[in-house]
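Reading through the C-alpha cells given below for one structure.
Proteins come first, then strands; the chains are lettered A, B, ... in the order of their sequence lines, and each starts at number 1.
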2 protein chains.
Amino acid sequence: MVDVAAAAGVSLSTASLAFSGNKPVSAETRDRVLAAAGALGYAGPNPLARNLRRGRSGVVGVAVGRLSTAFRDPAALPMLDAVSEVLDAAGLGVLLMPDGDEHAGLPLDAVIYDICGCETWGPYDDLVARGVPLVVVEGPAWPGATYVDVAHRRGAADVARHLHDLGHRRVATLTLDPSHPQREREAGLRDVHPDAEVIGPCASDLEAAQRAVGAWWDGGGAATAVVCQSDVQAAGVVLEARRRGMAVPHDLSVAGFDGVATPWLDLELTTVVQPLAEKGRAAARAVLSRIAGEVVDDVLLPVRMRVGGSTGPVPPQV
Amino acid sequence: MVDVAAAAGVSLSTASLAFSGNKPVSAETRDRVLAAAGALGYAGPNPLARNLRRGRSGVVGVAVGRLSTAFRDPAALPMLDAVSEVLDAAGLGVLLMPDGDEHAGLPLDAVIYDICGCETWGPYDDLVARGVPLVVVEGPAWPGATYVDVAHRRGAADVARHLHDLGHRRVATLTLDPSHPQREREAGLRDVHPDAEVIGPCASDLEAAQRAVGAWWDGGGAATAVVCQSDVQAAGVVLEARRRGMAVPHDLSVAGFDGVATPWLDLELTTVVQPLAEKGRAAARAVLSRIAGEVVDDVLLPVRMRVGGSTGPVPPQV
DNA sequence: CGATAGCATCGAAACGATTCGATCGAAACG
DNA sequence: CGTTTCGATCGAATCGTTTCGATGCTATCG
C-alpha cells in the first residue's frame, strides 16, 4: 500500500482511509488512490495485516463433531444454515471444526459448539485461556460459555402426557448416546412415565433404529408406545413395526422428536417440533453480541408438540 | 510475549523460539519461558500476528453453493469430509463459503470451488487479483485454476451402451440444471443414443424427480429406459414408476449416477460409481501443493459402472 | 477582523509475532 | 596454546495495516 500511496502522491494514512472509508477523504484524492491501485495491480488492503491491527480474524469456528455424521442428521442442517446466514451477513466466515483436530493456531473470534454427545472437548481450555467467546448449543455446562438450549424436557413431557392421555401405560423409549438433550428428554418422559423401559442407545439413523427396536422385540420387549429421540429414529421404528405386521398407530404408537421431514414415511409423525433455524440464529446472534463485548443472556427456545398420525389410543387388548 | 520474555529473563527472540521450536533452545531456558507464560496467563503466540508474519492464514475456503442444498446431496458429504480430513491433517481449517456472500476481507490461503451449476461466481476476480490458488472440482474452465474432474462422459457412455446392449432404443434422460457434469454426461449419453429425449431439468431431489418424470409421463412421454443424473433422482423415478404400476426393471429400466446408498429403495440401482472421497482428497492435495508453490497437474478421476437390479432387457412389446 | 470550527491530510506509533545476522562462550582440534 | 566450530542467545528489522494526535487550511461566526 505504501507504493500505491506514493504513486498517488498521498501519505500512507490517507491511502488507508481511501480504502477503508473510516474517515472522510476528498473524492478527488480517493479516485487518485484507486487509480494508482489499479495501475499497480494492488487488490486492496491485506486481510492478514488488517486482522492483526483490528485484533479480529473475522472467522467463527463451529464444532460439529465428525462432518459425515453431523450432516447426515436432518436436524443439523437447518441450524448450520441459519448460523451461516446470520454470520455471513455480519461479514464473518464459518469455519468447520471437526472433532479430534485441536485446531490450535487458527485465529477464531468465537466458537459455536454444537456436538451433542462429547462431554470432554480438546479445544475448550485453549479457548478459555485466549478469551475466545464460546456459545454452546444444547451442550454440557461449561464455565464462561453462553448457552442456547431447547425445552427438551418440556417437549418430552408433553409427548409423554399425550400418550398417557391416550391410555398408554407400557411405554418404551429409544435413546441416543448419553448427551445433554438425551438426558433432558428422558427426564421429561419420566416425569409422566417413571418406569418407561429404555431401548438402545442407538444412533439417529434409520437402519440403526430398525435394528435396535427389532432386537428389543426379539428379546421379548413389549410396549404399546415407543418414544424416540429423533424423527429419523421414529421412522425406523415405524418401518420395523410394519415389517413385523404391526399397524401404526393401531397396534403401536410411535413418537419422534425434531419435527423434520420424513420422506421415508407416508405418515405424519407425532413429534416435538423444535425451532431449528431459530436455534442457529440465536447461537449466531449470541456470538455477535459476545464478540461485541456485550453480556449475553442464555437462550431457552420453546418447542411445540405436533400430534400426527403415528400415535393413537392404546389397543383394547395387549 | 515481551512480558513473558522479561519475566523469564530472556530476550523476545528467545521466547519466540521457545514456543515455536524453530531453532534449538536449551531445555532449561524453555522451561523458564513456559513457566513464566503459565504464571502470566499467556496462552501462546497470537495467531493473528503469526499469520501476518508468515503470510498465511491457515484457512482454506470451500465454495459449496447454498449450504442447505449442497449438503442435502448425499454425494457432496463424503467429498467434503475427505477435503476436511486432508486439510485438517495439514493444520489447515476449512471455511464454508456459501454462495452470494462475497467473503471479501477474509484471508484465505486457497479456495476449493465445488458448486455444480454456478457459471459466474463473484469472488473469482478477487481471488485472481490476490493470487489465491483456486482448485475447481467439476466446474467450468477458468484461467489459472487447477482442475479435479471425474470421467462423467465416459461413465454416462458406459451406461448408455449397457442399455443399448439390453435392447433399449427409446431412452429418456432426467437432467439437472445446466452445469459442467450435466453437459458431459448428456454428451456421453448421446454418444450412444443421439436422439435421447430430455426430461427436466429438475433438482437432485426425490420429490422433484417424481414430479418431473410424472409430469412427463402425463404429457405422453414414453421410453423403455430413463437415465438419471444422480441416484437420488433415479430413486424418485423408480418410486414414481411403481406408483403408476410399472415394474422395475421389467417394464422400465432406470439408471442413476454417483453410487451412493439409497435407503429409500429395496433395489440396487444400476449406476456410475464415482470416487467421492478420492475426489475430495485429490482437491485437498491439489490445494496443499499449490499453497506450497508447486505446479499442479489437473486430475481426472475414473468411474466404474455398477450394474444393479434397476436395468433389464427391453420389454418384448412397448 | 480575530477567534473557532471543521475538514482533509500527514507522521508516527502501535498490533504481536518471526527471523536474519551478529555476538559470545565453550568445546574441539591440531 | 591459538584457532576454528558450534550452539545458545540477542538486537533489530520486518510483515502491512489502522488509528491517534497534530497540522494546516479554509469557512463560519460574532
Legend entry - Euclidean distance, atom CG of residue B:Asn51 to atom P of C:dA17 [Å, nearest integer]: 12 Å
List, one per line, each side-chain donor-acceptor pair under 3.5 Å for residues 83-95 of chain B, sequence neighbours excluded.
{"unit_1": "B:Ser84", "atom_1": "OG", "unit_2": "B:Asp88", "atom_2": "OD2", "d": "3.1"}

Name every donor-acceptor pair, under 3.5 Å, that has one atom in a side chain of residues 276-285 of chain A and the other anywhere in the protein, sequence neighbours excluded.
{"unit_1": "A:Glu278", "atom_1": "OE1", "unit_2": "A:Arg281", "atom_2": "NH1", "d": "2.5"}
{"unit_1": "A:Glu278", "atom_1": "OE2", "unit_2": "A:Arg285", "atom_2": "NH2", "d": "2.7"}
{"unit_1": "A:Lys279", "atom_1": "NZ", "unit_2": "A:Glu138", "atom_2": "OE1", "d": "2.6"}
{"unit_1": "A:Lys279", "atom_1": "NZ", "unit_2": "A:Gln274", "atom_2": "OE1", "d": "3.0"}

Got a list of side-chain donor-acceptor pairs under 3.5 Å for residues 290-297 of chain B, not counting sequence neighbours?
{"unit_1": "B:Arg290", "atom_1": "NH1", "unit_2": "B:Gly144", "atom_2": "O", "d": "2.9"}
{"unit_1": "B:Arg290", "atom_1": "NH1", "unit_2": "B:Thr146", "atom_2": "OG1", "d": "3.1"}

Measure all distances between protein nitrogen or oxygen atoms and nitrogen or oxygen atoms of nucleotides 6-16 of chain D, and list the pairs falling under 3.5 Å.
{"unit_1": "D:dT9", "atom_1": "OP1", "unit_2": "B:Ser26", "atom_2": "OG", "d": "3.2"}
{"unit_1": "D:dT9", "atom_1": "OP1", "unit_2": "B:Thr29", "atom_2": "OG1", "d": "2.3"}
{"unit_1": "D:dT9", "atom_1": "OP2", "unit_2": "B:Ser26", "atom_2": "N", "d": "3.1"}
{"unit_1": "D:dC10", "atom_1": "OP2", "unit_2": "B:Ser11", "atom_2": "N", "d": "2.8"}
{"unit_1": "D:dC10", "atom_1": "OP2", "unit_2": "B:Ser11", "atom_2": "OG", "d": "3.4"}
{"unit_1": "D:dC10", "atom_1": "OP2", "unit_2": "B:Thr14", "atom_2": "OG1", "d": "2.7"}
{"unit_1": "D:dG11", "atom_1": "N7", "unit_2": "B:Ser13", "atom_2": "OG", "d": "3.0"}
{"unit_1": "D:dG11", "atom_1": "O6", "unit_2": "B:Ser13", "atom_2": "OG", "d": "3.3"}
{"unit_1": "D:dT14", "atom_1": "O2", "unit_2": "B:Arg53", "atom_2": "NH1", "d": "3.0"}

Inset, instruction - Please check if the side chain of A:Arg130 supplies one atom and the backbone of B:Ala43 the other of a donor-acceptor pair under 3.5 Å. - result: yes
Inset, instruction - Round to a whole Å and report the spacing from CZ of A:Phe19 to P of D:dT17. - result: 8 Å
Inset, instruction - Kindly assign one of parallel, tilted or perpendicular to the pair B:Trp142 and B:Trp121, based on the angle between their ring planes and the thresholds 30° and 60°. - result: parallel
Legend entry - Over all atoms of both residues, closest heavy-atom pair of A:Val135 and A:Ala286: CG2-CB, 4.0 Å
Legend entry - C:dT18 phosphate, OP1 or OP2, under 4.0 Å from B:Asn22 side-chain N/O: no
Inset, instruction - List for me each residue that meets ring pair (Phe, Tyr, Trp, His ring centres under 6.0 Å) alongside A:His152, sequence neighbours excluded, and say none if there are none. - result: A:Phe257
Legend entry - Donor-acceptor pair, side chain of B:Tyr147 and main chain of B:Pro140, under 3.5 angstrom: yes
Inset, instruction - For DNA chain C, just give me the dot-bracket, please: Watson-Crick or G-U, both distances below 3.5 Å, ( ) intra-strand, [ ] crossing earlier pairs, | paired with another strand, . unpaired. - result: |||.||||||||||||||||||||||||||
